[in-house]
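Since the structure comes first, as structure tokens, the remarks are kept for the end.
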Amino acid sequence: MSTPFPFTAVVGQDDLRLALLLNAVSPAVGGVLVRGEKGTAKSTAVRALSALVPEVDVVPECRFSCDPGSPDPACPDGPHAPEASRSRPARMVELPVGASEDRLVGALDIERALSEGVKAFEPGLLAAAHRGILYVDEVNLLHDHLVDLLLDAAAMGASYVEREGVSVRHAARFLLVGTMNPEEGELRPQLLDRFGLTVEVAASREPEQRVEVVRRRLAYDADPAGFAARWAAEEAAVRARIVAARELLPSVRLGDGALRQIAATCAAFEVDGMRADIVMARTATALAAWAGRTDVIAEDVRQAALLALPHRRRRNPFDAPGLDEDKLDETLEEFSGDDDPDPGQGPDGPGGGGGQPEPEEGPRGDDTGATPEAGENGQPQPSGAGEQSAVRAAEPFRTKVLSVPGIGEGAAGRRSRARTEHGRTTGARRPRGALTKLHLAATVQAAAPHQRARGRSGPGLVVRRDDLRQAAREGREGNLVLFVVDASGSMAARQRMSAVKGAVLSLLLDAYQRRDKVGLVTFRGSGADVALPPTSSVDAAAARLESLPTGGRTPLAAGLLRAHDVLRVERLRDPARRPLVVLVTDGRATGGPEPVALAGRAARLFAAEGVASVVVDCESGPVRLGLAGQLAGELGGTAVTLDELRADSIAGLVRDVQGTSRRAA
């Protein structure tokens, strides 16, 4: 086995190390979600933690790591002999993003269950992680139903496998750690709340610290064993401190004053539910034990709030998690209790101290398409004359549901109809590969005619592999919503562009809620740009939209051709995800020879390939030319006005996108 990078050799990242250590001291804290850009030692620190977690005593030959002192009475491998015991290191189990449900929770042998009446169960990763660490890299890319199963098991301390009336239960208590890059997309608020703590990590901007990171990494790569040996003493000290803190934890007193501060802080930040209060209490207690104290002090409560509340406070979907530390200090001061001991110093040692890193400055205008300078002799600049700076988006609103026609097979989501592993049962089919969802009635119907030929003599049903039928289910999928936005001079009226941005922002919010990927193409001046390649980060699209300037001619054909090229490339990367093109324009086309005819030919490319599309008609004024409607006809899609896009509009109820193709159901 390869030598892991030592936990104590990780440079900086105090909050990350502290959160991991607190969960090692008290797994009841509920795990850690680590958010941050790529290359910030997230995975390195998590994998290094496994070497510090104390060994566990297990029942020999038990696949579910039962504790010999208190074995699980419902263990599928039980009952266990009371004297059997052995020690082994705590496991570090990694859950791949592409794992199946059976790989996570385990699988039943349905054929043996039906024909022999036995529970032949193959444990999954939840069983392997029991009494250890379960690590999910890129947890935000994990399918929602897998995240639900994972967090349910973490909350209940047990995993349940149900297959047509046959059930297996086993203990599943583990330290859950998830890492994610927010640029790849956010987790749903319900799922964020299930993680005990969250930390934001970022690469240091201090040259000396960056030099030390590189120096240690190169030394480790050159001689992993020798590098680990040089840090062995520090590792042993932290390991011993974790053991001591675990022993001290039951003796830590959480006084009424600290409880009042916890409750007041959660109320001040408008946190929903009571989970935040409980997590803060457990975290503050673990902090006191880590510091070697038997009383929780105000500094413990403050540090617990910084770790447990940022992802739980009430916020808009596109707001980054965070906490107003001035407001936090005011609340703690207002509700400071008299029964607290002398505050003294906060937790120290590896991972001590912290607070959330200060947010980075956002991208500057020149990184997001800022206005270039005019050319010589008064010639217009490349993006076109009359360019205006970006305007703010109007207030977003709830939009009508835009869906792709037909039935797809893309990633699970909430937009268009699709064949999925979860959803309502619509029929049965022969399984392709491993059986995951048994259609019991169809299986019995397939086996019944052959019972006499198979020599059935008793009440049991003789079932063969060929009789098994997979349940065909229909649910919803997420789509690739590609926004193609006209940013030309014809859209440049400030009030009008503000309304347009508000409409697109509303559609982005809808895409966030429906678990779509999004992309953004803009066109103005002499060409079109991919402002944001297809991504799961709807937040990034909203940021690019906010900084979008306008002005110049209207190269409509260039925008359509660039969008067509984006779809072609994305089809190779993710062929199962169906696209939905949302073209936001007034339908005008200027610049170059025959701009209208060229735009029509570009639009017919989408119609020929059956790409679902909708045109958001931004034309305003008493006299309307109807160009957007004509363009929608060329695309083979439909047109809606800004007013009709609203869900509360009287123009209709749910509007499905009408495409020329009718994909086979």
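Residues take their numbers from the sequence shown, with the count starting at 1.
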Can you spot which of [options] makes a side-chain contact (heavy atoms from CB on, under 4.5 Å) with [X]?
| X | options | answer |
| --- | --- | --- |
| Arg454 | Arg452, His450, Arg456 | His450 |
| Ser613 | Val404, Val484, Val581, Leu580 | Val581 |
| Leu635 | Val615, Leu605, Val614 | Val615 |

Does some side-chain heavy atom of [Y] sit less than 4.5 Å from a side-chain heavy atom of [X]?
| X | Y | result |
| --- | --- | --- |
| His311 | Leu33 | no |
| Arg417 | Arg476 | yes |
| Leu583 | Leu631 | yes |
| Leu49 | Tyr135 | no |
| Pro123 | His170 | no |
| Leu482 | Pro579 | no |
| Leu567 | Glu609 | no |
| Pro534 | Val566 | yes |

Start with the C-alpha distance between Glu570 and Lys517, add both sets of side-chain angles, then the distance that settles side-chain contact (heavy atoms from CB on, under 4.5 Å), and finish with yes or no. CA-CA 11 Å; Glu570 192 63 18; Lys517 289 180 71 174; 2.6 Å; yes
Side chain to side chain donor-acceptor pair (under 3.5 Å), paired with Thr179, selected from Asp137, Asn140, Thr40: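 When side chain to side chain donor-acceptor pair (under 3.5 Å) is applied between Thr179 and each of Asp137, Asn140, Thr40, only Asp137 qualifies.
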Atom [atom1] in [X], atom [atom2] in [Y]: separation rounded to 0.5 Å?
| X | Y | atom1 | atom2 | answer |
| --- | --- | --- | --- | --- |
| Phe195 | Met180 | CZ | CE | 9.5 Å |
| Leu508 | Phe483 | CG | CZ | 4.5 Å |
| Leu532 | Thr522 | CG | OG1 | 10.5 Å |

Show the nearest heavy-atom pair for residues [X] and [Y], with the distance to one decimal.
| X | Y | result |
| --- | --- | --- |
| Ala541 | Val518 | CB-CG2, 3.9 Å |
| Val582 | Val481 | CG2-CG1, 3.9 Å |
| Lys42 | Val201 | CG-CG2, 3.7 Å |
| Ser416 | Arg578 | CB-NH2, 3.5 Å |
| Asn181 | Lys38 | ND2-N, 3.9 Å |
| Leu560 | Ala602 | CB-CB, 3.9 Å |

Short question: side chain of [X], backbone of [Y] - any donor-acceptor pair under 3.5 Å?
| X | Y | value |
| --- | --- | --- |
| Arg419 | Ala472 | no |
| His130 | Arg173 | yes |
| Thr399 | Leu645 | no |
| Gln451 | Leu461 | no |
| Arg514 | Arg414 | yes |

Test log, rule side-chain contact (heavy atoms from CB on, under 4.5 Å), inputs Leu176 and Val136: CA-CA 8 Å; Leu176 176 63; Val136 189; 4.3 Å; yes
In this structure, are over 12 heavy atoms from other groups packed under 6.0 Å from [X] atom [atom1]?
| X | atom1 | result |
| --- | --- | --- |
| Arg571 | CZ | yes |
| Gln445 | CD | no |
| Glu55 | CD | yes |

Taking distance alone, no hydrogens or angles, what donor-acceptor pairs closer than 3.5 Å link side-chain atoms of residues 71-78 to residues at least two apart or in another chain?
| from | atom 1 | to | atom 2 | distance (Å) |
| --- | --- | --- | --- | --- |
| Asp72 | OD1 | Ala74 | N | 3.1 |
| Asp72 | OD1 | Arg169 | NH1 | 3.3 |
| Asp72 | OD2 | Arg169 | NH1 | 2.9 |
| Asp72 | OD2 | Ala171 | N | 3.4 |
| Asp77 | OD1 | Arg63 | NE | 3.3 |
| Asp77 | OD1 | Arg63 | NH2 | 2.9 |
| Asp77 | OD2 | Arg63 | N | 2.9 |
| Asp77 | OD2 | Arg63 | NE | 3.0 |

One pair to check against side-chain contact (heavy atoms from CB on, under 4.5 Å): Ile133 and Asn23. What are the steps and the verdict? CA-CA 10 Å; Ile133 302 171; Asn23 275 272; over 6 Å; no
Whether Asp510 and Lys400 form a salt bridge (side-chain N of Lys/Arg under 4.0 Å from carboxylate O of Asp/Glu) is what I want to check.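 So Lys400 does not pair with Asp510 through a salt bridge.
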Answer yes when Arg464 and Asp467 have at least one side-chain N-carboxylate O distance shorter than 4.0 Å, and no when they do not.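 So Arg464 does not pair with Asp467 through a salt bridge.
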Tell me whether the rings of Phe606 and His564 are parallel (<30°), tilted (30 to 60°) or perpendicular (>60°).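 Geometry flag for His564 against Phe606: perpendicular rings.
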Could you walk me through whether Arg429 and Arg469 pass the side-chain contact (heavy atoms from CB on, under 4.5 Å) check? CA-CA 5 Å; Arg429 59 175 174 81; Arg469 294 295 183 267; over 6 Å; no
Please output the side-chain donor-acceptor pairs of residues 86-97 that fall under 3.5 Å, not counting sequence neighbours, one pair per line with the distance.
| from | atom 1 | to | atom 2 | distance (Å) |
| --- | --- | --- | --- | --- |
| Ser87 | OG | Asp57 | OD1 | 2.5 |
| Arg88 | NH2 | Ser65 | OG | 2.6 |
| Arg91 | NH1 | Ala128 | O | 3.4 |
| Glu94 | OE1 | Arg47 | NH2 | 3.1 |
| Glu94 | OE2 | Arg47 | NE | 2.8 |
| Glu94 | OE2 | Arg47 | NH2 | 3.4 |

